[in-house]
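These notes are about the structure you will find just below.
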Amino acid sequence: MKSRCFFCHVHCGMLVGTKDGKIVRMKPDELDPLTGMCERIGPNGERAIKNHYHPKRINHALKRVGERGENKWEKIPYEQALDEIAAKLNELKEKYGPETLAVTEGTYRSDHLWARSRFTNLWGNPGNLADPGSICWCWLYTINLAMVGFLSETALNATIGLSKTIVIWGARINERHSPQAWTVKQLRAACSNEDQKPNVIVIDPYMIDAVRDAETYLPIRPGTDTAMMLAWLNVIFNEKLYDVDFVKNWSNGPFLVRQDTKKLLRESDLRKGGKRENFVAWNTETEKPAVWVSSQNRYEEEGVENAIEGEFGVTLEDGKKVACRTAFSLLKERCDEYPPEKVAQITGVPAHKIEHAARTYATEKPSCMGWGVGCIDQAGWNATSGAVCKVILRSITGNLDVPGGDYLPEPGPVINGQFPVRDGELELSEMVSPEARAKLLGNDRFRMMGWKGFELSDGPFREMWGVARPQLHQMLSATPLLWRAILNDDPYPVRAVISWSSNPMVWAPNTKMVYKALKSLDLFVSLEYWMTPTAALADYVLPAADWMERPMFTNIEDSLDMFLGGPRASEPVADRRMDYDFFRGLGLRMGQKEHWPWETYEEVIAHRLERIGVTYKEFCETGMLFPDMSSADQFEKHKSIRQDGQVRGFATPSRRCEIYSSIIEDLDYDPLPLFREPAESPISTPEVAKEYPIILTTGGRFVPMFHSEHRVPGTGTREMHPWPIFEIHMETARELGIRDGDWCWIETPRGRIRQVARLGFALKAGVIIAQPSWWYPELPAEEPWLCGAFISNANVLTDDNPDILDPICGNWSNRGLLCKVYRCEEPEWLSDRVPHELFLEEKSGYPKAFKA
Ligand SMILES: Nc1nc2c(c(=O)[nH]1)N[C@H]1C(S)=C(S)[C@@H](COP(=O)(O)OP(=O)(O)OC[C@H]3O[C@@H](n4cnc5c(=O)[nH]c(N)nc54)[C@H](O)[C@@H]3O)O[C@H]1N2
Ligand SMILES: Nc1nc2c(c(=O)[nH]1)N[C@H]1C(S)=C(S)[C@@H](COP(=O)(O)OP(=O)(O)OC[C@H]3O[C@@H](n4cnc5c(=O)[nH]c(N)nc54)[C@H](O)[C@@H]3O)O[C@H]1N2
Ligand code: SF4
Ligand SMILES: [Mo]
């Protein structure tokens, strides 16, 4: 049976063999373009099959019978669990309003996210959602929507073979996609082409595998990437390495910004009755302002030559004369504050290397600069500025939406004049009232990720494609605000949480606070495969179906113009249900029957395909719908002509590529990027650095784990990678008296954890990288053990203080903190005894790690 793996984001084609309804074999589908096969699957699928039938899998609905956290459960029928959860939710809604519910999710693990938003939207919930999307890709999607109308951050670049320069910025591509997967293979293929080897530029404090193919390696101080980007822009501007045609004719760089208000000049400033949506540039032909009609993607008059740089005096509607400068001039001036010499001091990378990398990227084209979560996603208050710089870098150098550059997808693929129904269409965002929207946690604080940001890009998105932009993970409440709302009833009581495809006890920052918040709920439901530390705190744990037992239809969170999927390989084991069934089940019990006409997920998929005239069966035969990437029409789509005869442009408020984002401005932030020293660093907090002198980065993917998954002993993956590892430079380790393989304490002002030291030269001296996501499924789930959630979990170390989050998107910092490292002194740690026996004896280390 043709199927598609969902253990990670690559979605390899897989052939699954069954016997008497049971999965017995698996092999990669050699005919599928996305073919890999990694350590998680094992020979003949052995590990995946063990995972699927593991005796510790949750196969029935469990209802808590003891105290919360006692790990005492009663098996109940799934439908009864849904009845009881629905009743309790209604009771809480009655008392506190529909905003009392929040959902926590993890990274993209299924194509069911829209079903959650559909349920919560119809229920009247504002969309309270805590999800790593604010530090992982989804927030970048939102910034990209604002600036270029779609997502230009790709993890898998289909045209990388054509790139002359490949920038790998904070991405451990060999581990993230498994050594055998797509981009890695493509990179190798590209680099083995003797005629035209690409320039590979790696920016990472750790010498990742790809460094061996790199001609430029910039070992950067963690947390300073935004400064590096500003320096690249500085070089590109000052050496005039940008694409003048793009800046002049396709970006909003020429639009004027008032110097009195520091806001973009609008037609409404110039004329009575003028439209606020229309912008103004300086026409060098007439030496007068020219009005840009956004809805038509053109100037009001013909033959406008707009100035790119300069300052111009403009008379406003009330007769007042104001000085205006072009957005491009302002941007250039901002970047003048970041010359390579200064940024060399900040980043620890020599100025000549910064200059060389910037020049190579801008001139040896096409260049691509794919997505890596180590780059800026987890860079705390430097995140949005970094994201803005990245879009500017790609677009002004002419590397956006060109073969070998960074592709800009669109809703697609268009077949028979239509594209399949998108997730955004299924969410029903339009059903959420303005009153409900205003209640979203963080709506007024991290406005880009809330409804205000949503609405500002939903308009242009609908204008361009006639459908809603996605909520999915691209609209969120900042996670730290959720725990505070639960604990302090501020801004209102949040008493119920549904957690699905998520283990926030392990992924979210400040584990101690997550724990306290989850403990205090009136209703906590977890949809899971395993009894995780999060599930162990629930009132109900419901069994979730995995990829082998559910059909699939995905365009990766509405980010692509292709769909992948296929049928289920087998029927679900025991009472396991798809997450879709859970949200539909709740919906049916909440009076939403008319909105859930599709009884099975197969029916959902058939519905989504119907308007392109493809049947479910036909789709399953190939398991994919692709646009024609060999066609020139697939690129530089902003230059194409729409059906209404207009030049297409971008799906932004001005239809131009907004290098000076009017959406960011409308949300009351400065659209110009800047760098701030990380909130915790030897420079910003020297007193903390005295006690915690080492720079800590938590992250760095590693095979065979996928976040906190694949750790349950018995499938073969944990056996391959039994203990958490942190990387440390030989010299730093020697100074600290740490030997390879030593169990060590890693401590920050928030708490301490233990991991095993791996010594080497790959990492900058004075920096350590600790693996995230560790828990110990073999330890008891009841408190105080909680599956060892506090022993080696990097998020005991991270900080989620809302005041140090990114002010626009709410990102926290996982990279670039301060810590100290020392060997575990207990003599047992040096013996051969298996550490978890020790954890058990001392009740998990929880009292110690949970430093009061
Ligand atoms: N310190 C630090 N913290 C980090 C990171 C870091 O680098 N450093 N990385 C962050 C990033 S980028 C991310 S994306 C997050 C990841 O965080 P999460 O995505 O939440 O990952 P997990 O902690 O593995 O939790 C996912 C849970 O969902 C269950 N599950 C898997 N598939 C399904 C499904 O289809 N349905 C249901 N119902 N359950 C399912 C799994 O058993 C698992 O327990 O972690 C973030 N946290
Ligand atoms: N094996 C495996 N694969 C996965 C996952 C998994 O858990 N396991 N998770 C999936 C998910 S949700 C995600 S988000 C992706 C993430 O995958 P990647 O984007 O590759 O992210 P990481 O591996 O966490 O970090 C990438 C690199 O960032 C470097 N780094 C650390 N701090 C900094 C810094 O301040 N600046 C720079 N420039 N680099 C820094 C690290 O050394 C590391 O090499 O992987 C996906 N694939
Ligand atoms: S790389 Fe491995 S886990 Fe990821 S989709 Fe492919 S086979 Fe599955
Ligand atoms: Mo992620």
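Counting starts at 1 for both ligands and their atoms, following the listed order. The analysis underlying the following values was restricted to heavy atoms, covering all of them including side chains, and did not include hydrogens, waters or symmetry mates. The model shown is predicted, which means the values in this text are computed figures rather than measured ones.
- The side chain to side chain donor-acceptor pair (under 3.5 Å) test applied to Asp575 returns Arg577, not counting sequence neighbours.
- The atoms of ligand 2 that sit less than 4.0 Å from any heavy atom of Pro222 are 34 (C), 35 (O).
- Each of the atoms 34 (C), 35 (O), 36 (N), 37 (C), 38 (N) of ligand 2 lies under 4.0 Å from some heavy atom of Asp225.
- Between Phe583 and His112, the distance separating the two ring centers is not shorter than 6.0 angstrom.
- Polar contact check, Trp371 against ligand 2: no nitrogen or oxygen pair lies under 3.5 Å apart.
- Near Gly372, with a cut-off below 4.0 Å to any heavy atom, the atoms of ligand 2 are 19 (O).
- At least one N/O-N/O distance between Phe702 and ligand 2 falls below 3.5 Å.
- Remark: ligand 2 atoms within the under-4.0 Å shell around heavy atoms of Tyr206 are 42 (O).
- Interface of Ile208 with ligand 2, defined as ligand atoms under 4.0 Å from a residue heavy atom, comprises 44 (O).
- At least one side-chain heavy atom of Thr165 sits less than 4.5 Å from a side-chain heavy atom of Ile201.
- Using a 4.5 Å cut-off on side-chain heavy atoms (C-beta onward), Met548 and Arg568 make no contact.
- Just one of Tyr529, Tyr108, Trp547 meets the ring-ring contact (aromatic ring centres under 6.0 Å, His included) condition when paired with Phe6; it is Tyr108.
- Here is the list of ligand 2 atoms found below 4.0 Å of a heavy atom in Trp169: 38 (N).
- Each of Gly106, Thr107, Arg109, Pro132, Ile135, Cys136, Gln378, Ser501, Ser502, Asn503, Trp507, Leu527, Glu528, Tyr529, Trp530, Thr532, Ala544, Arg550, Asp579, Thr698, Gly699, Arg701, His707, Ser708, Glu709, Pro772, Asn795, Asn814, Arg815 has a non-hydrogen atom positioned under 4.0 Å from some atom of ligand 1.
- The atoms of ligand 2 that sit less than 4.0 Å from any heavy atom of Ile220 are 36 (N), 37 (C), 38 (N).
- Under a 4.0 Å N-O distance rule, the pair Arg109/Asp579 does not qualify as a salt bridge.
- Residues Thr534 and Ser499 bring no donor and acceptor atom of their side chains to less than 3.5 Å of each other.
- Checked against side chain to side chain donor-acceptor pair (under 3.5 Å), Thr142 has no partners two or more places apart in sequence or in another chain.
- For a threshold of 3.5 Å applied to N or O pairs, the pair formed by Arg221 and ligand 2 contains no separation below that value.
- Ligand 2 has Gly223 within reach: a non-hydrogen atom of the residue lies less than 4.0 Å from it.
- For Glu528, the side chain to side chain donor-acceptor pair (under 3.5 Å) criterion is met by no residue, not counting sequence neighbours.
- A 4.5 Å side-chain heavy-atom check between Val767 and Ile694 finds every atom pair outside the cut-off.
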- Task: Decide ring-ring contact (aromatic ring centres under 6.0 Å, His included) for Tyr361 and Trp169; before the verdict, give the C-alpha distance in whole Å, the side-chain angles of both, and the deciding distance to 0.1 Å.
- Result: CA-CA 12 Å; Tyr361 174 73; Trp169 202 319; 8.6 Å; no
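- The shortest N or O to N or O distance between Thr224 and ligand 2 is not below 3.5 Å.
- Residue contact annotation: Glu39 has no non-hydrogen atom under 4.0 Å from ligand 2.
- A salt bridge is absent between Arg718 and Glu39: the closest approach of a Lys/Arg side-chain nitrogen to an acidic carboxylate oxygen does not fall below 4.0 angstrom.
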